[in-house]
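Please read all numbers here as calculations on a predicted model, not as lab measurements. Numbering of residues begins at 1 and proceeds along the displayed sequence.
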Amino acid sequence: MLIAGFPAGAWGTNCYLVAPAAGEECVIIDPGHQAAEGVEEALRKHRLKPVAVVLTHGHLDHVASVVPVCGAHDVPAWIHPEDRYMMADPEKALGRSIGMPLLGELTVGEPDDVRELTDGAKLGLAGLEFSVAHAPGHTKGSVTFQMPETTDIPSVFFSGDLLFAGSIGRTDLPGGDMAEMLDSLARVCLPLDDSTVVLSGHGSQTTMMCIRDRERVWTPLPDEECDETFREHLQGPQGHVRPDPAGQRQVPGGP
């Protein structure tokens with residue numbers, strides 16, 4: 001399997017191209033702000049043909065290049081229905097002006113073919129399988145994509161802005177909700193095997209083993225204990241999200 005990723009734009013959002021191998025069809029995940037050029041470069045380098053764009057959520061830093069990328073290759077974009085409006089109205093999604101002149105020219109809107117994701121769906125794209133999990137908290141329509149383990153490759157988990165290496169997604173923007181974030185972490189992330197590779201929306205890749213070792217709170221618990229455990233370990237005494245040990249804020253970058 002081939003996974004080519006690069007950080008793009010003002011927020012350093014990770015965009016990924018996933019294919020069975022070089023020279024084959026691929027899926028593009030989260031082509032965000034100023035990602036189009038990097039996408040084209042990766043397609044040329046690995047001789048890939050895109051068949052779809054899939055989106056972990058609707059924030060501008062993850063979707064700003066959807067229209068030009070989908071238009072250039074005549075492919076559909078997949079997004080959860082609760083975040084679909086964000087493609088056409090990014091300022092409403094962020095609850096503030098985003099300073100368009102500072103971000104350069106943006107193509108705001110939907111591509112010609114938009115398809116909606118559902119919880120539990122299995123997407124068969126480019127000869128690959130992606131399991132979709134609805135994971136609200138950062139936004140109402142946040143999702144994750146998981147690829148199954150094979151004999152040679154561990155499971156790969158595209159976490160969007162739900163989970164990072166050493167941190168979790170912010171919940172202070174419109175549609176964000178800490179209770180939903182904690183529930184999504186417990187429901188979607190806790191069951192993952194230690195060997196699962198986590199590729200997030202910002203920052204470096206990690207594994208569930210590294211996350212569990214770092215946070216020491218990922219041991220599976222009965223459902224009634226999960227929320228309280230996450231609150232104790234991920235929040236400080238005033239209910240604020242515990243900062244990263246390196247002094248970072250709640251999310252490594254981006255809305």
**Prompt:** How long is the gap from OG on S159 to CG on L185, to the nearest 0.5 Å?
**Reply:** 9.5 Å
**Request:** Keeping the roles fixed (side chain from D30, backbone from T56), state whether a donor-acceptor pair exists under 3.5 Å.
**Result:** yes
**Complete:** In this structure, CD of E25 is separated from CG of L125 (nearest 0.5 Å) by 9.5 Å
**Asked** D83 and side chain to side chain contact (heavy atoms under 4.5 Å, CB included): which partner among H57, H138, H59?
**Response** H57
**Asked** Can L17 be reached from I153 by stepping across I, L, V, M, F, W or Y side chains whose heavy atoms are under 4.5 Å apart?
**Response** no
**Asked** With a 4.5 Å limit on heavy-atom distance, are the side chains of L163 and S200 in contact?
**Response** no
**Message:** Using modelled atom types and a 3.5 Å cut-off, is there a donor and acceptor pairing between side-chain atoms of R212 and backbone atoms of L190?
**Reply:** yes
**Prompt:** V54 versus V132: any side-chain heavy-atom pair under 4.5 Å?
**Reply:** no
**Fill in**
Closest non-hydrogen contact found for A19 with M1 is O-CG, 3.4 Å
**Prompt:** L162 and C189: which non-hydrogen atoms are nearest, and at how many Å?
**Reply:** CD2-SG, 3.7 Å
**Asked** Under a 4.5 Å side-chain heavy-atom rule over Ile, Leu, Val, Met, Phe, Trp and Tyr, are I211 and L182 clustered together?
**Response** yes
**Asked** To the nearest 0.5 Å, how far apart are CG in L55 and NE2 in H62?
**Response** 10.0 Å
**Prompt:** Does the side chain of V114 reach to within under 4.5 Å of the side chain of C70, using non-hydrogen atoms?
**Reply:** no
**Item:** Atom CD of E40: over 12 foreign heavy atoms under 6.0 Å
**Value:** yes
**Prompt:** How many angstroms lie between atom CE of M86 and atom CG of L60, to the nearest 0.5 angstrom?
**Reply:** 11.0 Å
**Prompt:** Could you go step by step and tell me if H46 and L2 meet the side chain to side chain contact (heavy atoms under 4.5 Å, CB included) rule?
**Reply:** CA-CA 9 Å; H46 301 290; L2 168 69; 3.7 Å; yes
**Asked** Just by distance, do the side chain of S184 and the backbone of M181 share a donor-acceptor pair under 3.5 Å?
**Response** no
**Prompt:** F145 versus V156: any side-chain heavy-atom pair under 4.5 Å?
**Reply:** no
**Prompt:** What's the spacing between L43 CG and K49 NZ if we round to 0.5 Å?
**Reply:** 12.0 Å
**Request:** Locate the shortest heavy-atom distance separating V67 from P111; write the atom from each residue and the value.
**Result:** CG2-N, 3.9 Å
**Asked** Hey, is CG on D194 packed in by over 12 heavy atoms from elsewhere, all under 6.0 Å?
**Response** yes
**Prompt:** Is W78 reachable from V18 through a run of I, L, V, M, F, W or Y residues, each pair having side-chain heavy atoms under 4.5 Å apart?
**Reply:** yes
**Request:** Output the distance between atom CD (Q205) and atom CZ (F157), rounded to the nearest 0.5 Å.
**Result:** 14.5 Å
**Message:** Between D113 (side chain only) and V75 (backbone N and O only), is there a donor and an acceptor less than 3.5 Å apart?
**Reply:** no
**Message:** So which atom in G137 and which in T171 form the shortest heavy-atom distance, rounded to 0.1 Å?
**Reply:** O-CG2, 3.5 Å
**Side-chain heavy atoms of V197 within contact of I3, under 4.5 Å** = no
**Asked** Is there side-chain contact between D177 and P136, with heavy atoms separated by less than 4.5 Å?
**Response** no
**Item:** Over all atoms of both residues, closest heavy-atom pair of A126 and V27
**Value:** CB-CG2, 4.0 Å
**Asked** If two hydrophobic side chains count as joined below 4.5 Å and joins carry through other members, does L199 share a cluster with M208?
**Response** no
**Asked** Can you hop from F158 to L128 via hydrophobic side chains spaced under 4.5 Å?
**Response** yes
**Message:** Just so I know, are the side chains of F130 and Q146 near enough to count as touching, which here means a heavy-atom distance under 4.5 Å?
**Reply:** no
**Asked** Using 30° and 60° as the class limits, which term best fits the ring planes of F164 and H202: parallel, tilted or perpendicular?
**Response** tilted
**Asked** Where do V69 and P31 come nearest, in terms of heavy atoms and distance?
**Response** CG2-CB, 4.3 Å
**E37 atom CD: more than 12 heavy-atom contacts under 6.0 Å** = no
**Request:** Would you check if S155 and P148 make a side-chain contact, meaning some heavy-atom pair closer than 4.5 Å?
**Result:** no
